[in-house]
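Following: one structure in structure tokens, then a few remarks.
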Amino acid sequence: MILKHWKDFSTDAELYSQENFERQVGDTFEAMRVEENQDMPNYIWTKQYVIIIKPNTRMIKDVAFVKVPRNPVK
């Protein structure tokens, strides 16, 4: 489901609030896609990027943010 409001999510290392996320990626939140029965989004849309959330589990549950430009320059 696509949410137009922020839903906090966390890893073992960090809690991601909207303010924390925006500071980390340097852009403004617009929407997020969360699968049913999941506590973490798959994608987050900002003004200039689509952020792909990639789970990264070794010793602790963590994530990596992959920023893809929404309107790439040709």
Side-chain angles (χ1 to χ4, degrees):
M1 113 179 74
I2 295 182
L3 304 174
K4 294 282 189 165
H5 62 276
W6 182 264
K7 177 183 172 188
D8 289 346
F9 62 96
S10 64
T11 64
D12 290 341
E14 193 163 355
L15 171 66
Y16 292 96
S17 64
Q18 183 173 346
E19 296 78 24
N20 182 350
F21 173 80
E22 289 176 345
R23 187 175 343 101
Q24 196 166 1
V25 298
D27 204 3
T28 307
F29 167 80
E30 287 194 337
M32 64 172 40
R33 180 176 183 258
V34 180
E35 293 284 332
E36 226 176 281
N37 300 322
Q38 295 293 322
D39 58 348
M40 193 175 303
N42 304 89
Y43 300 96
I44 298 176
W45 286 266
T46 66
K47 293 248 182 226
Q48 298 191 33
Y49 299 99
V50 174
I51 312 292
I52 302 168
I53 311 298
K54 292 198 168 207
N56 180 12
T57 305
R58 290 189 186 178
M59 299 297 271
I60 61 172
K61 177 180 157 189
D62 200 11
V63 294
F65 297 137
V66 178
K67 292 168 60 171
V68 179
R70 286 179 67 172
N71 299 308
V73 178
K74 294 182 180 182

- Task: Before giving the answer on side chain to side chain contact (heavy atoms under 4.5 Å, CB included), spell out for Met1 and Leu3 the whole-Å C-alpha distance, their side-chain angles and the decisive distance to 0.1 Å.
- Result: CA-CA 6 Å; Met1 113 179 74; Leu3 304 174; 3.7 Å; yes
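Met32 and Val68 sit in two unconnected hydrophobic clusters of ILVMFWY residues. Membership requires side-chain heavy atoms under 4.5 Å apart, directly or through other members. Under a hydrophobic-cluster definition in which Ile, Leu, Val, Met, Phe, Trp and Tyr are linked whenever side-chain heavy atoms come within less than 4.5 Å, directly or via other members, Val66 and Val50 are assigned to the same cluster. Clustering ILVMFWY residues whenever any of their side-chain heavy atoms sit less than 4.5 angstrom apart, transitively, puts Trp45 in a cluster other than the one holding Phe21.
Here Phe65 and Tyr16 bring their ring centres to under 6.0 angstrom of each other.
In terms of heavy-atom proximity, Glu30 sits nearest to Thr46 at OE1-O, 3.7 Å. Shortest non-hydrogen contact noted between Ile2 and Ala31 is CG2-CB, 4.2 Å.
Within the model, atoms CG of Asn20 and CG of Asp8 stand 9.5 Å from one another, a figure rounded to the nearest 0.5 Å. Going from atom CD1 of Ile53 over to atom CD of Gln38 covers 13.0 Å, rounded to the nearest 0.5 Å. Within the model, atoms NZ of Lys7 and CE of Met40 stand 10.5 Å from one another, a figure rounded to the nearest 0.5 Å. Taking CZ from Arg33 and CD1 from Ile52, the interatomic distance works out to 11.5 Å, rounded to the nearest 0.5 Å. One finds the CD atom of Glu22 at 10.0 Å from the CD1 atom of Ile44 (value rounded to the nearest 0.5 Å). Summarising the geometry, atom CG belonging to Leu15 is positioned 9.0 Å from atom CZ belonging to Phe9; distances are rounded to the nearest 0.5 Å.
Sparse packing is recorded around OH of Tyr43, with 12 or fewer heavy atoms of other residues, nucleotides or ligands lying under 6.0 Å away.
By the 4.5 Å heavy-atom criterion applied to side chains, Lys67 and Asp27 are not counted as neighbours.
With hydrogens and angles disregarded, no donor-acceptor distance shorter than 3.5 Å links the side chain of Asn56 to the backbone of Ala64.
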